[in-house]
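Written below as structure tokens is the structure these notes are about.
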Protein chains: 2
Amino acid sequence: MENKETEILETAERMIQEGGYNAFSFREIAKAVGIKSSSVHYHYPTKADLGVAVASYYTDKFIAHLGDPVDLMAVGKDPIRQYVAAFRDAFIKDRRMCLCGLLGAEVKGLPNSVAAQTKLFFVRNIEWLTHAYEQQGHTTDARDNALRTLSILEGAMIVSNALDDVDVFYDTLKHFDETR
Amino acid sequence: MENKETEILETAERMIQEGGYNAFSFREIAKAVGIKSSSVHYHYPTKADLGVAVASYYTDKFIAHLGDPVDLMAVGKDPIRQYVAAFRDAFIKDRRMCLCGLLGAEVKGLPNSVAAQTKLFFVRNIEWLTHAYEQQGHTTDARDNALRTLSILEGAMIVSNALDDVDVFYDTLKHFDETR
DNA sequence: GTCTATAATTTGATAGAC
DNA sequence: GTCTATCAAATTATAGAC
């Protein structure tokens, strides 16, 4: 991995994806990346600082990976299918939940700064999806479609995760793409 | 409230709904119900025991409140709309998340017994919804519709909760009922 | 940047009196 | 059933040496 800071972020990311904000500690992260907890504090002074950094890191990475919906259409790709594929690949291949889905569920128990950063993930994703639906000709119902697509994805990951059955994810999302 | 055991369950329920499994402690619950933490341990020896009890309590309460879909249809009610209303009322009126939605998201970080009980919530809800869709004439796609309805509800609560905007919940679910 | 050492607090849990 | 008292472990965080 590139550097210690990124290693810390990605370790914390995985831990949050498995058990939420309270499922990572400075000591556990330190052990995983091979340093001491005080050194983790050097990079991220408080737990809230690290939480904000992880949420921001995850959001930027996710949006960047999607690309621009206009560009996708220009090369003949359906941006909504690409969007569904982004969550599907992370969930099916790596069994990764949406980091901000977990944080968003427990937002009332989070430090304000982490809650605000979590909110930003959803604002940016709804913008992206709304733009994509607009590009596909939806004028009045673009945002409602965006909300539904985002919600069904977040929900499908939770239900499939709880049942420990990835087929549930496929079955829930199959109306987006009948081929598998 | 009826008795101490129920008070403990409902206190833990609220705490989990706000921040997940790691967001409640025996001491906090004890303080809330006016006893000492050792007395909470008397009722529920371990944290996993209490977690299982809360998940079971919540699931039974939720399913019982729904009633039987066949009975609902018999009195002219749409069981799917009733199902949506059950989550909507808890979320809008009391700002309550689905307890098992939170637990389901962090299932990898839960004790096995709590994870198993969480899974049961989803099994029973999918059964209920599938049965309801079958009653409405869906033969081959009843289960897929059940999964989609459950997922969109769980997802809509998370997105709306993260954005701290209940209108998002209404907008996401409005295709189930145009009137508000 | 990383370390040792440590502080202050919280946590899940138990023993035993009443 | 509830209490006091206590424990061992884990947590977030800081001070200061290298």
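Residue numbers start from 1 in every chain, and the chains themselves are labelled A, B, ... in the order their sequence lines are given, proteins ahead of strands. The figures that follow rest on heavy atoms only: side chains count, while hydrogens, waters and symmetry mates do not.
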A:Tyr44 OH to C:dG1 P, in whole Å, measures 11 Å
Under 4.0 angstrom between A:Ser38 side-chain N/O and C:dT2 OP1 or OP2:
no
Rounded to whole Å, the CG-P distance (A:Leu110 to D:dT12) equals 14 Å
When rounded to whole Å, the NE2 to C1' distance for the pair A:His43 and D:dA13 reads 16 Å
Which of A:Asn145, A:Thr149, A:Thr139 passes side-chain hydrogen bond (donor to acceptor under 3.5 Å, both in side chains) with A:Tyr133? Answer is A:Thr149
Atom CD1 of A:Ile35 and atom C1' of C:dC3 are separated, to the nearest Å, by 11 Å
When all nucleic acid strands are considered with a 4.0 Å heavy-atom cut-off, which category describes B:Tyr42: base, sugar-phosphate, or nothing? base
B:Phe24 CZ to C:dG12 C1', in whole Å, measures 11 Å
message = Pairing donors with acceptors under 3.5 angstrom, does anything connect the side chains of B:Glu106 and A:Asn22?
response = no
Check: With distance as the sole test, does B:Lys4 use its side chain to make a donor-acceptor pair with the main-chain N or O of B:Val33 at under 3.5 Å?
Finding: yes
B:Leu50 atom CG is separated from C:dT11 atom C1', nearest whole Å, by 14 Å
Here the distance between atom P of C:dG16 and atom NE2 of B:His41, to the nearest Å, is 17 Å
Of A:Arg27 and A:Lys36, the one whose closest nucleotide on DNA chain C sits nearer the 5' end is A:Lys36
request  = Using a 4.0 Å heavy-atom cut-off across all strands, classify A:Ser39 as base, sugar-phosphate, or nothing.
outcome  = base
Rounded to whole Å, CZ of B:Phe26 lies from C1' of D:dT2 at a distance of 15 Å
The complete set of salt bridge (Lys or Arg N to Asp or Glu O under 4.0 Å) pairs with one or both residues in residues 50-77 of chain A, sequence neighbours excluded, reads A:Glu13-A:Lys61, A:Asp60-A:Arg124
